[in-house]
There are 2 protein chains.
Amino acid sequence: MEFLNDMALFVEVVKARSFRGAADIIGMPNSTLSRRISALEKTIGLRLLHRTTRKIELTEAGQIYYERCKRIVDEAKLAHEQLGEMLSQPSGVLRASLPVDFAVTYMAPLIAEFARLYPGIVFDFDLTSRRVDLVSEPFDVAIRIGEPENSQLIARPLAVLPVYLYASPRYLDRSGEPAEPADLAHHECLGIMKASTWTLHDGAHTTKVSIGSRFTLNSVGMICRLAALDMGIIMMLEKIVADDLASGRLRRVLPQWHGAPVSVYAVTETRLLPAKTQHFIKFLQEHLGRV
Amino acid sequence: MEFLNDMALFVEVVKARSFRGAADIIGMPNSTLSRRISALEKTIGLRLLHRTTRKIELTEAGQIYYERCKRIVDEAKLAHEQLGEMLSQPSGVLRASLPVDFAVTYMAPLIAEFARLYPGIVFDFDLTSRRVDLVSEPFDVAIRIGEPENSQLIARPLAVLPVYLYASPRYLDRSGEPAEPADLAHHECLGIMKASTWTLHDGAHTTKVSIGSRFTLNSVGMICRLAALDMGIIMMLEKIVADDLASGRLRRVLPQWHGAPVSVYAVTETRLLPAKTQHFIKFLQEHLGRV
DNA sequence: ATTTAATGTTCCATTGATGGAGCAATGTTA
DNA sequence: TAACATTGCTCCATCAATGGAACATTAAAT
């Protein structure tokens, strides 16, 4: 079962009606070609080509073998071409794991646009806040916020987005409006998980403040909701609080400061991606940055 | 175009649903198998198998690719099986070069029998006395009398046949009957081509005599005819002169002596023979010796 | 007839593939 | 829960496949 490549070589030799010619076409030294064809003849126990120094012609067995080989090799080439088309005309199910709130606010319109662009793709999104295991679960890609953990996964940066501080007017009335970052130490700062410090920048300075809160949770949406309900200050991506901002439920705090911009990554288990995934990631890279 | 073998490996892996299992089936270390599949995935730029340490399953691309690969690999196997059948059920045209007189007397009945045995074979015999060039002319096999010349051809011995001395009664009346080998020096000894000596044996002794004749020719039939026409003594295979012997046109000379037995060879250009040729040679080996 | 250019094969140093052992990861069993 | 067995992958010494050059041979060109 190690003769299939040699079959392809044989087909080339017959087509070129010459070892040297075929070798040039394939891009292989004729010595190798000669040896490989000889090996093929030996494994099947029949002479396929009748060689003189100047000409080669098919034997009877070679004639029959060639007809079959040509079909087989052509079919193999076709199979690869069609895989190539799969790469350029993506289709199939795209399974992605998305951070729920980021997906809802930032990605929804992009996904709608992408779906319009590639009607062949069907989507299967898993919106969670947990970091799914790409190795054991059959996700094509996971979108992740923040630095990629140290693993063998491939992380492609999609965008770097600014974050700002927000709170509800009533909270600020009650607890006072912080004038500088250090003031945050005396506020209820709602962070994701158990993040214990916020890093803030203005044009010139960078400062780190320890934060504390009575809440530990893993839902961005819930944090925003809590903030809108006057429970504290949040550091958040712009778009996520856009509605609350517009309706006046939240308003910017320390407006000349911003948090450390968060990076968004597309994470995959491998570099060998089907077209659908490649296009999805490329699309996000091109459109997420400009938001 | 160097991925066809890997396609076959991929098919085996999918069938076995395991790298190790497939490796055992193929008889190949799993390390190689793993590397080859990875290489295949890299060349087509798509992941074909979703691997966990415990299980493997096809990706979408792998699914499609597998369907096609299976067909292709099966077809390739079939092509080889059919070539194998060509080997076991010979058919086609058997082109052979035969020494004309030897063929007529010794081989004709064998050929008739062989033709009955293998109805699929069609025959194309070239009966000449010249030694055809097997390399440039499309003969499957040549039957040759006497030692094979030093060349790259493959010679398989078919039989070793005794030769005796014959002359016409009238020639012997006229020129005297030789009583011992040395007497031949004074006789007209008709040899093929320009053979200048005859080697004779009786049970115990071997002797070499120089021979001479006015005729140089390359036809055994013509020599026999000349001998029957009282032109000299010939050293000949038994069967060739059987008719002349029976009709009394020739009779044995020096009956206790015989010539150096001649070997008959089947000569081919290569060892990789189609079934028809293999069977033909085997048949001749089995039947020529017993004549 | 003689030269020329081109063919398929062979030789041999080099390189790339190979495969056994070990590894981390994971499903299974006690 | 812990020990075990099995999986696919990786490392590296070894070996076989490779490809450039030379060769013998031959058809075409002069």
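In this entry the distance linking CG of A/Leu9 with P of D/dT18 reads 9 Å, nearest Å. Per the geometry, NE2 belonging to B/His50 stands 19 Å off P belonging to D/dT7, to the nearest Å. In this entry the distance linking CD of A/Glu2 with C1' of D/dA17 reads 13 Å, nearest Å. We find that NZ of B/Lys55 is positioned 13 Å from C1' of C/dT28, with the value rounded to whole Å. Remark: C1' of C/dA6 and CG of A/Asn30 are 11 Å apart, rounded to the nearest angstrom. If you take CG of B/Asn5 and C1' of C/dT18, they are 15 Å apart, rounded to a whole angstrom. Nucleotide D/dT26 holds its C1' atom 17 Å from the CZ atom of A/Phe19, rounded to whole Å. Rounded to whole angstrom, the span from the CG atom of B/Leu48 across to the P atom of D/dG8 amounts to 15 Å.
Heavy-atom distances under 4.0 Å link DNA chain D to no residue of residues 39-46 of chain A. DNA chain D lies under 4.0 Å from no heavy atom of any residue of residues 59-66 of chain A.
Along DNA chain D, the nucleotide nearest to B/Ser31 and the one nearest to A/Met28 differ in position, and the one closer to the 5' end is contacted by B/Ser31.
A donor-acceptor contact shorter than 3.5 Å links the side chain of A/Ser38 to the backbone of A/Ser34.
Between A/Phe114 and A/His279, the ring centre distance reaches or exceeds 6.0 Å.
In plain terms, the two heavy atoms of B/Leu33 and B/Phe19 that are nearest each other are CD2-O, 3.2 Å. When every heavy atom of A/Met86 is checked against every heavy atom of B/Ile64, the shortest pair comes out as SD-CD1, 3.6 Å.
The phosphate of D/dT7 has neither OP1 nor OP2 within less than 4.0 Å of any side-chain N or O from B/Arg51. Taking 4.0 angstrom as the limit, A/Ser34 places none of its side-chain polar atoms (N or O) nearer than this to OP1 or OP2 of C/dG8.
Heavy-atom neighbours of B/Gln82 CD from other residues, nucleotides or ligands within 6.0 Å: above the threshold of 12.
Side-chain contact between A/Val14 and A/Leu49 is present, with heavy atoms from C-beta onward closer than 4.5 Å.
Ion pair B/Arg17/B/Glu57 not flagged as a salt bridge, since none of the NZ, NE, NH1 or NH2 atoms sits closer than 4.0 Å to an Asp/Glu carboxylate oxygen. Contact check on A/Glu2 versus B/Arg36 returns a salt bridge, with a Lys/Arg side-chain nitrogen under 4.0 Å from an Asp/Glu carboxylate oxygen.
For D/dG8, the base has no donor-acceptor partner in the side chain of B/Arg35 [N/O atoms by modelled type, under 3.5 angstrom].
Heavy atoms of B/Arg36 sit under 4.0 angstrom from primed sugar atoms or phosphate atoms, though from no base atom. Within the 4.0 angstrom heavy-atom criterion, no nucleotide atom of any strand lies near B/Leu33. Among the heavy atoms of the strands, none lies under 4.0 Å from A/Ser38. Nucleic acid contact class of B/Arg20 (heavy atoms, under 4.0 Å, all strands): base.
No side-chain N or O of B/Ser97 forms a donor-acceptor pair with one of B/Arg144 less than 3.5 Å apart. For the residue pair A/Tyr265 / A/Glu147, a side-chain donor-acceptor distance below 3.5 Å is found, with atom types taken as modelled.
Here the nucleotide nearest the side chain of A/Ile56, chosen from D/dT18, D/dG8, C/dG8, is C/dG8.
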